Amino acid sequence: MIKNNANFQVKLQEIFDSQHDLYKQGNVADYIPALAEVPANKMGVCVATIDGKVFGAGSCTTPFSIQSISKIFGLVMAMNRKGESLWQRVNMEPSGQPFNSIIQLEWEKGIPRNPVINAGAVLIADVLTSNFSASKLAFLSFMRKLASDDSIHIDKHVYKSELSHGSRNAALGYLMKSFGNIEAEIPDVLSQYFTQCSVAMSCNQLASSLLFLANKGIDPKSNEVICSPRDSHRVNAILSTSGMYDQSGEFAFSVGLPAKSGVGGGVIAIVPGYGVICSWSPPLNRFGNSVVGVNLVEAIAEELGLSIYH
Ligand code: GLN
């Protein structure tokens, strides 16, 4: 835990500086061409606590494509709207497969393994499309409210790039629809999913927006109930077992925090009862997780003794 604010700020900068060159070990995602345009050496980190402290280093106020980190917010909206019935359409088990794998989905009759792999997130996008009258606007408004920042926007360039390279996500959607597990039309579902992935936010904004998951579902900034304590627990459990895809086991082993990555290079980690860490560096490892992002979260969690398994 942070005992002295000034000392921790110095330590955070030290950790940040010591990790910087590691970005050379990864590769920026290029299957969404717009993501490959972001300079590989960009890097930022933020630690926000539920008692209102914010520590940052590097480009922590620069917006980046949140990509799969958006899966958390979509899931919370769908849980709030559908309650228990949601879990008849999506499971809560780790997949042991790459994030965009299709192979399991046929064996398991169109029921995604969990809501934070692509198949599960496309299903969640269907829930939002089918249950909100203006689902994209509802999503953006939710993000703006959670971050207390109306400047948060959708990066249209990334959106278009995803849409024109989204065949695999379309395949996941059509396969689920063939099993009767998608209600809306696939182009509408994909448009919702890509909109969510294309939201641009900074480390500071992301860390702030996720504080409710460190605080039993209540946003400590406004005291507003964002979700029930049980759903906050459930989201954190899913992030612990599946949030870092097929690196989730190793991440639990070495870091020990519920976490989620995105192919834009962001990583968020929830510290229940304490706060949120968000790191960003575009080059990814073979699991699709940011090389520096993972290392930064690990170093900070170790420095502050934050593992939930202690
Ligand atoms: N939009 C990306 C995709 O669908 C999200 C994947 C990710 O961030 N892991 O492939």
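None of these values were measured; they are calculated from a predicted model. Numbering of ligands and ligand atoms starts at 1, following listing order.
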Worked check of salt bridge (charged side-chain N to carboxylate O under 4.0 Å, His left out) between K177 and D126: CA-CA 10 Å; K177 195 159 177 78; D126 175 50; over 6 Å; no
Provide the full list of ring-ring contact (aromatic ring centres under 6.0 Å, His included) pairs with a residue in residues 93-113, sequence neighbours left out, each pair given once. F99-Y245
Could you work out, with salt bridge (Lys or Arg N to Asp or Glu O under 4.0 Å) as the rule, every residue matching E37, not counting sequence neighbours? none
Could you go through the side-chain hydrogen bond (donor to acceptor under 3.5 Å, both in side chains) check for E14 and Q19 one step at a time? CA-CA 9 Å; E14 253 173 55; Q19 303 274 332; over 6 Å; no
Proximal protein residues to ligand 1, non-hydrogen atoms under 4.0 angstrom: Y31, I32, Q67, S68, F99, N118, E162, N169, Y193, C197, Y245, G262, V263
How would you list, by chain and number, every residue that makes a salt bridge (Lys or Arg N to Asp or Glu O under 4.0 Å) with D155, sequence neighbours excluded? none
Any link between I154 and L35 through a network of hydrophobic side chains (Ile, Leu, Val, Met, Phe, Trp, Tyr) touching at under 4.5 Å? no
